[in-house]
Amino acid sequence: MSGNRDLPPHPDDQGRPLDHNRRRLLQAVGAIVSAAAAPSLHASIPAGNTADGGGYDAIVIGGGFAGITAARDLSLRGFRVLILEARPRLGGRTFTTRFANHDLDLGGTWIGNSQPFVWSERMRYGVDVVESAAVAASQAIWMDDGERITGSLAQYAEIYEPAANHFYAPAREFIPRAYQPLFKEEFGNLDQISAADAIANLGLPAVQRDLLYSFAAINGHSFASESSYLDQLRWFALGNYHLWNLWDNLSRYRLAGGTKALIDRMAADSNAEVRLGTPVAHVKQSAAGATVTTLRGEELQARAVVVAVPLNCLADIEFSPAISEVKLSESRRRHTGSGTKVYAKTAGKQPVFMGHGTQQMPLCFAWTEYDDPDSQLLCGFGASPELLDVNDDRAVASAFARYQPSVTVEESVSYDWNIDPYSKGTWCMYRPGTLTGSLTELQRPEGHVFFAGADIANGWRGFIDGAIESGATVAQQVTQHIAI
Amino acid sequence: MVSKGRRLLAAMILAGLGPVAPHLAADNCDIDRGARLFAKCAMCHPRDETGVSGAGPNLAGIIGRTIADADGFPYSVAMSGMDGIWTPERLDAFLAAPMAYIPGTTMGFGGLRNPADRENLLCYLASEQ
Ligand SMILES: Cc1cc2nc3c(=O)[nH]c(=O)nc-3n(C[C@H](O)[C@H](O)[C@H](O)COP(=O)(O)OP(=O)(O)OC[C@H]3O[C@@H](n4cnc5c(N)ncnc54)[C@H](O)[C@@H]3O)c2cc1C
């Protein structure tokens, strides 16, 4: 992040719309503004202006992966960029903290090598990956009509894999291009029915049906009845129509040092000024640009604004003129992601396991994420906070005991993404109708205002990868817009 | 892990704070349990003599401190608007249901519903860093 370091030499991006000298000048200005990022110096900058009084080329609202990507790309092109982030930290729905001697991610965690945007970022910045302990699980645990079954991963796969392939069968026909979800144009009723409707129609034996309900529940992070079947099918396309490749992208690799390691590198590479703890209340457009008003009443001007807040938070910012009703109503309707994620530190050890429960259990999936010498860190996901009070250690312990009955939980941690006013939910999966009815509109810029975020990405929507895709795409749009 | 001395000190601090809810002053609270519960807070809140804040304000000596006084921390408008100090009673009520007690707080924590958990946590918060 700028503010406490010198500008690094960065490669010359020839062929960009700005001429060389102007870019150099802007970078120098950027350095001065960056130096002013310390709170005590804020007051010396006239409200609404950069240090030289010229206003910003772009203001990015939101410092998650989408906002950081957009701000980095724009600032490296020489534009003057300001990030306004509501929380006292960057990262948004990713949040690396320390727990049990690990860099633990309470939000977005796993990435995969079929995720082109995040994988290329982590390669270019040299951030290593580590594998989840459960990849080498010696035990699989699943539920059959309320009964806990244990076996090998291969035995579990015998039951689960054919059912999942059945569920995903229409994916190749209807999502032939994973990064152009609307390429096919005709989808029958697949976007109108829920994942649960589709599963019920498969006519599978109860054990397989229930495993699918739970699988759809973890993917949509809500009950299977909430998410669109078509949107679920997209994930299979993104996983190259291969179930275990999809799994490898959902839960195999995490970043060494956590997601923070990557976002810190991206932010350090950026020349954008960053203001933390600065929620935006209002965006008002004029002929020449826009005025952004913070919750504390400060007014800032820019030629373009990138709104990189969660879909569920979009309607909390006031826009004048108003943004489209489709954007507002989808924001108020919210995506499906509203479940729980919790980690528990055990005393003593159990077999390293991968557990697949039912969507009505407090945790519909649970597994060993870290296999330490004397204890383990278990990770679990649930379809709804109604099923589990994540802050109650006893409730968490008994939720994990459904998988490992003799487990002793010492401490547990979670983050209440659903009640945090700057996320109002977890990761994005769409409700029926949103993909075919609203995605294109959600992405559409309005005047000088551009929209970015994982929740409106084309490819890995709902993922870190999608956030970076969207941020990079919007940086291109803004470049075209302000170069004119 | 935590000495008897620290436990006593915690009870003394709590007792010294004027009208203290009797259960908070009790010396039978489980400070080790409180320390484990603090892991949830420690996700965001440092609690050390540096006073430096993280994703949440530093909680060193929080009991008896003026509400929203951590240096440079960008508190929510709702939290900044609160008057007075953090008494054990107020912390207890806040921790039970943060968003109900201070509507508009941006602390992403749903609350500790179990009164015994809050008692143990407060006991830990009252102990020396
Ligand atoms: C529990 C959980 C588990 C997940 N697991 C994975 C995973 O394993 N792999 C994966 O790839 N993805 C995962 N995700 C999803 C992934 O974290 C997100 O899709 C991605 O990080 C979103 O990035 P973003 O930049 O679009 O939005 P965000 O990260 O939400 O960033 C938006 C930013 O806008 C800020 N903001 C909001 N309102 C305002 C305002 N008014 N003014 C100023 N700033 C504002 C917010 O504070 C936030 O920093 C998970 C998410 C959660 C919650």
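Protein chains get the first letters and strands the later ones, always in sequence-line order, with residue 1 at the start of each. This structure is a prediction, so every number in the text was calculated from the model and none was measured.
Both the backbone and the side chain of A:Ile419 have a heavy atom closer than 4.5 Å to some heavy atom of chain B. Both the backbone and the side chain of B:Met43 come within less than 4.5 Å of a heavy atom of chain A. Of the two parts of B:Tyr75, only the backbone, made up of N, CA, C and O, holds a non-hydrogen atom closer than 4.5 Å to a non-hydrogen atom of chain A. Proximity to chain B is absent for every atom of A:Ser423, based on heavy atoms less than 4.5 angstrom apart.
By number of non-hydrogen pairs under 4.5 angstrom with chain B, the leading residue of A:Thr97, A:Asp392, A:Val413, A:Asn391 is A:Asn391. Per-residue heavy-atom pair counts under 4.5 Å with chain B were compared for A:Leu104, A:Asp420, A:Asp416, and the maximum is reached by A:Asp416.
A pairwise comparison of heavy atoms in B:Cys44 and A:Tyr415 identifies SG-CE1, 4.1 Å as the closest pair.
Considering only heavy atoms from C-beta on, A:Glu85 stays 4.5 Å or farther from B:Pro74 through its side chain.
Here the CD-CZ distance, from A:Glu411 to B:Arg33, works out to 8.0 Å after rounding to the nearest 0.5 Å.
Atom CZ of A:Arg98 has more than 12 neighbouring heavy atoms from other residues, nucleotides or ligands inside a 6.0 Å radius. Other residues, nucleotides and ligands contribute more than 12 heavy atoms inside 6.0 Å of the CG atom of B:Asp48.
A salt bridge between B:Arg36 and A:Asp393 is absent, with no side-chain N of the basic residue lying under 4.0 Å from a carboxylate O of the acidic one.
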Original post:
Going through the distances and angles, do B:Lys40 and A:Ser414 end up as a side chain to side chain contact (heavy atoms under 4.5 Å, CB included)?
Top reply: CA-CA 7 Å; B:Lys40 301 179 198 309; A:Ser414 182; over 6 Å; no
